[in-house]
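Encoded as structure tokens, the structure appears first; notes follow it.
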Amino acid sequence: MWAIILHGGAKEIEPDEADANRSGCLRALSAGRAVLEGGGSALDAVEAAIRVLEDDPAFNCGYGSVLNAAGEVEMCAAIMEGRTFNVGGVSIVQGVRHPVSVARAMLEEETTLIAGPGARAFAAEKGLELCDPAALRASKDEKKRGRTGTHDTVGCVALDRHGLLVAGTSTGGLDDTPVGRVGDSALPGCGFYADNDLGAVAFSGDGERIARKILAARVMHALGPQGPDEALGLAIRHVAQIGGEAGGIALTPDGRFGWMHNSREFAVAYASSDQPEPRVYLRKAEERE
Ligand code: ASP
């Protein structure tokens with residue numbers, strides 16, 4: 001079987017932003033599922049889905065990322081696969097069109113996380129697309145169409161026909177944070193994790209609080225005895241205890257989806273070989289209706 005779930009951030013989505021969030025998630029889902037349906041790997045599926053979100057200014061990643069205190073775009077992204085436990089991550093990278101593809105290239109390296117100018121130099125060495133760092137700033141109008149909330153980090157988790165589980169994240173971080181600030185999105189065990197025997201998970205939300213409560217690690221510990229929704233719910237209660245807001249998605253090795261959030265909205269889309277009709281929701285309550 002195959003399965004894929006992705007999110008567009010734990011945030012507030014105003015009524016005039018709903019369409020951009022739903023359609024952006026569905027476009028990304030369709031890119032990822034095309035890979036899985038064709039027998040491709042979960043790594044390719046997660047990368048393909050996140051690249052679509054990185055091109056979409058409705059989301060805080062790639063083009064349309066938020067700006068740091070110096071008015072610049074600095075991005076983090078990561079990808080992890082649950083068979084070898086390989087992790088590839090980039091942090092505070094500037095001037096690359098698709099941070100998730102740089103993270104994917106890092107997955108082949110012994111080093112797991114590369115930051116700043118070193119990350120851009122690595123992307124150049126691998127022949128990945130570079131751009132003027134300022135070219136990633138979207139106009140106010142473009143951004144307005146999709147988001148006003150603070151946590152628009154994206155994430156995707158996929159399971160392929162070979163049983164490989166992969167988790168990926170991509171973000172512009174949080175608005176107006178100090179130059180060089182790193183959140184949870186490129187830290188394994190915090191913003192994401194994948195283990196073929198247990199499941200895979202990706203978060204959005206208050207990065208510092210997600211890191212302090214090692215949210216992804218908590219989900220991994222809970223999975224098995226707990227279902228994916230319950231495991232995510234437990235983790236989110238932990239972050240809420242220290243005043244944090246988060247939303248997370250998860251997949252189990254047998255293709256069960258989970259998603260939970262304590263943010264007002266959390267745009268999520270998913271599909272699987274068992275349930276090929278794509279679903280997209282802006283709130284968990286919509287799924288229950
Ligand atoms: N978790 C991200 C960070 O702290 C922010 C987000 O979810 O939008 O960098």
Side-chain angles (χ1 to χ4, degrees), residues 5-15 17-18 20-22 24-25 28-29 49-50 53-54 56 58-62 64-66 75-78 143 146-157 167-177 181 183-187 189-193 200-219 228-251 257-270 279-288:
I5 180 166
L6 58 85
H7 75 77
K11 56 185 175 181
E12 294 185 2
I13 301 172
E14 301 306 335
E17 299 161 341
N21 278 275
R22 283 188 209 272
C25 285
L29 188 77
I50 293 183
L53 297 167
E54 287 177 339
D56 188 336
F59 305 99
N60 169 22
C61 56
S65 285
V66 299
M75 302 168 290
C76 296
K143 280 200 232 166
R147 67 192 169 83
T148 51
T150 44
H151 307 127
D152 302 287
T153 288
V154 305
C156 179
V157 176
T169 59
S170 185
T171 187
L174 295 177
D175 261 319
D176 209 28
T177 46
R181 176 264 182 191
D184 61 303
S185 304
L187 304 180
C190 299
F192 67 94
Y193 205 79
V201 60
F203 277 102
S204 164
D206 295 323
E208 283 70 11
R209 292 189 173 94
I210 292 173
R212 278 153 60 197
K213 282 284 192 166
I214 49 165
L215 280 212
R218 283 180 198 277
V219 172
D229 271 358
E230 292 72 26
L232 286 165
L234 282 172
I236 288 172
R237 277 204 287 286
H238 270 279
V239 84
Q241 275 168 7
I242 55 166
E245 186 175 84
I249 53 173
L251 251 179
F257 297 113
W259 62 290
M260 280 289 172
H261 57 108
N262 69 341
S263 52
R264 198 180 78 184
E265 274 86 29
F266 187 49
V268 164
Y270 57 83
R279 304 279 164 90
V280 63
Y281 302 106
L282 301 185
R283 279 173 290 275
K284 188 74 181 174
E286 283 180 8
E287 186 189 50
R288 298 188 186 117

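Heavy atoms only: backbone and side chains are in, while hydrogens, waters and symmetry mates are out. In what follows, residues are counted from 1 in the order of the sequence shown.
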If I compare all heavy atoms of Cys156 with all of Ala49, which pair ends up nearest, and what's the gap? SG-CB, 4.0 Å

Taking the side chain as every heavy atom from C-beta outward, state whether Ile242 and Lys213 have any pair of such atoms under 4.5 Å apart. yes

Evaluate the side-chain contact (heavy atoms from CB on, under 4.5 Å) criterion for residues Val66 and Leu174: first the C-alpha distance (whole Å), next the side-chain angles of each, then the deciding distance (0.1 Å), finally the verdict. CA-CA 7 Å; Val66 299; Leu174 295 177; 5.7 Å; no

Closest non-hydrogen atoms of Ala211 and Leu187, given as atom of the first, atom of the second and distance, are CB-CD1, 4.5 Å

Could you tell me if Ser170 and Glu54 have a donor-acceptor pair between their side chains, going purely by distance under 3.5 Å? yes

Exam field: side chain Glu265 to backbone Leu282, donor-acceptor pair closer than 3.5 Å: no

Is Asp206 reaching over with its side chain to a backbone N or O of Val239, donor-acceptor style, under 3.5 angstrom? no

Please examine the side chains of Leu6 and Tyr270, heavy atoms only from C-beta on, and report whether any two atoms are closer than 4.5 Å. no

Donor-acceptor pair, side chain of Ser185 and main chain of Ala77, under 3.5 angstrom: no

Applying side-chain contact (heavy atoms from CB on, under 4.5 Å) to Arg218 and His238, what does each step give before you reach the verdict? CA-CA 9 Å; Arg218 283 180 198 277; His238 270 279; 3.2 Å; yes

Heavy-atom nearest pair, Ala200 first then Val157, reads CB-CG1, 3.5 Å

Parallel under 30°, tilted from 30 to 60°, perpendicular over 60°: which one fits the rings of Tyr281 and Trp259? parallel

So, Asn60 and Lys11: side-chain donor and acceptor under 3.5 Å apart, yes or no? no

For Ala202 and Gly155, work out which heavy atoms get closest and say how close. CB-CA, 4.3 Å

Where do Arg209 and Glu245 land on the salt bridge (Lys or Arg N to Asp or Glu O under 4.0 Å) test, with the steps shown first? CA-CA 8 Å; Arg209 292 189 173 94; Glu245 186 175 84; over 6 Å; no

Return the CD1 to SG distance between Ile210 and Cys190, rounded to the nearest 0.5 Å. 9.0 Å

Validation row: His7, Phe266 side chains within 4.5 angstrom (heavy atoms): yes

I'd like to know if Arg22 and Glu286 make a salt bridge, using a cut-off of under 4.0 Å between side-chain N and carboxylate O. yes

So do Ile249 and Val268 actually touch side chain to side chain, heavy atoms under 4.5 Å? yes

Shortest non-hydrogen contact between Leu232 and Val219, atoms and distance: CD2-CG2, 3.9 Å

Taking side chain as C-beta onward, heavy atoms only, is Met75 less than 4.5 Å from Thr171? no

Checking Ser204 side chain against Gly247 main chain: does a donor-acceptor pair fall under 3.5 Å? no

How far does CG of Asp152 sit from CD1 of Ile13, to the nearest 0.5 angstrom? 8.0 Å

List the steps, then state whether side-chain contact (heavy atoms from CB on, under 4.5 Å) holds for Phe59 with Cys25. CA-CA 10 Å; Phe59 305 99; Cys25 285; 4.1 Å; yes

If you look at every heavy atom in Val201 and Ala216, which pair is closest and at what distance? CG1-CB, 3.8 Å

Apply side-chain contact (heavy atoms from CB on, under 4.5 Å) to the pair Phe257 and Leu251, showing each step before the final yes or no. CA-CA 5 Å; Phe257 297 113; Leu251 251 179; 3.7 Å; yes

Would you check if Ile236 and Phe203 make a side-chain contact, meaning some heavy-atom pair closer than 4.5 Å? yes

Is there a side-chain contact between Lys284 and His261, using heavy atoms and a 4.5 Å cut-off? yes

